[in-house]
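Ligands are counted one by one from 1 in listed order, and the atoms in each one are counted from 1 as well.
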Amino acid sequence: MSTNATVRTVLVPAAGLGTRMLPATKAIPKELLTLVDRPIIQYGVEEAVQAGIRRVVLVTNPGNTLTASHFSPAPELEAELLARGKPELLAAVRALTGLAAVTTVHQPEPLGLGHAVLCGRDAVGDAPFAVLLPDDIIDAEPPALRQMLDVFAGCDGPVLLVERVPRDAVDRYGIIAAEPVGDGVFRVTDLVEKPAVADAPSDLAIIGRYVLTPDIFDTLESTERGAGGEIQLTDGLRQLLRIRPIHACALNGTRLDAGNRGGFLKATVHFAAKQPALAADLRDALDSLTQPATGG
Ligand code: G1P
């Protein structure tokens with residue numbers, strides 16, 4: 001296995017219960033919640049494609065066929081749009097089919113992120129691959145995964161994406177201990193999943209993007225349950241660190257956490273403001289909140 005082989009596959013764990021977004025996620029998988037004009041999952045798949053990765057493996061729970069269907073052909077809808085003379089909508093629907101080669105593997109039980117990655121083992125094969133957590137939506141140029149692949153090309157092991165977070169938020173993330181080795185690049189010396197604030201080795205949090213070498217799978221096979229009683233990817237990487245260097249690169253861009261109500265709202269405002277057709281409506285809506293009420 002060559003660690004600097006081309007990364008062709010991105011694994012997208014999407015089997016979470018979405019409890020932080022209930023009741024919206026009672027019937028709809030959370031990665032299909034709409035952010036302005038497209039579901040959350042589409043932002044992640046588009047990022048991967050823009051980074052040159054066109055093979056997408058979704059890891060979903062066994063009952064979920066909806067998520068993959070967002071990327072499969074819809075002949076009846078397409079015929080209807082054609083008949084109604086809606087070429088732009090037709091193009092947008094068809095573009096989703098051609099975007100990437102999307103397949104699905106199942107995670108039978110929600111046993112954690114490390115377990116979700118392990119479920120993708122056969123689909124990924126013996127080659128380096130990326131992992132993208134769809135809740136973490138990243139607006140960056142070049143795309144976050146592209147930034148990481150550029151670092152990966154010069155490394156002999158995994159690359160993680162990190163961002164500094166407020167000290168009191170470290171217990172929500174995987175946190176690395178690291179020493180800087182270049183402009184925005186770190187060599188990881190330790191990692192810990194969701195440490196207590198007092199125990200965190202730094203404020204550098206892993207944020208939803210990984211480029212991994214396939215030896216992570218063997219490591220995850222023997223990773224025991226950790227934080228939250230789940231098999232954690234961070235713990236697997238900690239084990240891998242004994243035999244392989246791991247690097248991290250600092251995000252150059254904006255990360256939006258669409259996995260909770262407040263973050264979802266901020267992400268909505270962020271992407272709406274970028275669309276000329278919506279920016280005026282958004283400004284009107286915000287202005288109406290700050291203007292004193294008139295009339296009696
Ligand atoms: C997961 C990872 C964690 C990482 C985070 C980024 O946690 O386990 O290491 O920092 O994603 O969003 P989760 O948010 O699934 O609890």
Side-chain angles (χ1 to χ4, degrees), residues 10-22 25 29-31 33 40-41 43-44 47 58-61 107 109-120 130-140 144-145 148 158-178 186 188 190-197 199-212 216 219-220 223-241 246 248-251 253-264 266-267:
V10 62
L11 207 63
V12 183
L17 296 175
T19 48
R20 285 181 295 172
M21 296 297 275
L22 280 169
T25 49
K30 72 172 166 176
E31 64 281 354
L33 295 180
I40 287 176
I41 187 82
Y43 289 83
E47 178 191 324
L58 303 173
V59 185
T60 71
N61 63 53
Q107 183 182 22
E109 290 173 87
L111 295 181
L113 178 57
H115 179 254
V117 170
L118 195 50
C119 291
V131 174
L132 182 151
L133 308 188
D135 283 1
D136 280 330
I137 299 182
I138 298 180
D139 186 8
L145 276 176
M148 299 171 74
V159 175
L160 320 176
L161 189 65
V162 294
E163 184 178 66
R164 291 196 189 277
V165 296
R167 198 77 204 179
D168 61 3
V170 290
D171 58 359
R172 302 209 300 262
Y173 297 92
I175 302 292
I176 63 167
F186 301 86
V188 176
D190 200 4
L191 324 75
V192 47
E193 179 69 12
K194 301 193 172 73
V197 173
D199 301 334
S202 79
D203 60 355
L204 287 168
I206 304 168
I207 46 164
R209 301 289 183 277
Y210 308 75
V211 178
L212 300 177
I216 189 67
T219 312
L220 286 170
T223 300
E224 299 194 345
R225 291 178 187 237
E230 298 186 337
I231 298 170
Q232 297 291 352
L233 180 57
T234 305
D235 294 343
L237 287 165
R238 188 167 202 245
Q239 245 170 275
L240 190 64
L241 191 56
I246 297 178
C249 71
L251 170 65
T254 305
R255 175 187 62 112
L256 301 139
D257 178 1
N260 64 73
R261 285 174 165 73
F264 190 92
K266 285 181 193 162

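Ionic pairing of E193 and R238 is not present here: no N-O contact between side-chain nitrogen and carboxylate oxygen is shorter than 4.0 angstrom. Between K194 and D171 there is no salt bridge, since no side-chain nitrogen of the basic residue lies less than 4.0 Å from a carboxylate oxygen of the acidic one.
In this structure, the separation between SG on C119 and CD on Q107 is 5.0 Å, given to the nearest 0.5 Å. Summarising the geometry, atom OG1 belonging to T25 is positioned 8.0 Å from atom NZ belonging to K30; distances are rounded to the nearest 0.5 Å.
The 12-atom threshold is exceeded at CZ of R255, counting heavy atoms of other residues, nucleotides or ligands nearer than 6.0 Å.
Under 4.0 Å from any atom of ligand 1, one finds heavy atoms of residues L113, L133, D136, Y173, G174, E193, K194, I206, G208, Y210, Q232, T234.
Between the side chain of R225 and the backbone N or O of Q232, no donor-acceptor pair lies under 3.5 Å.
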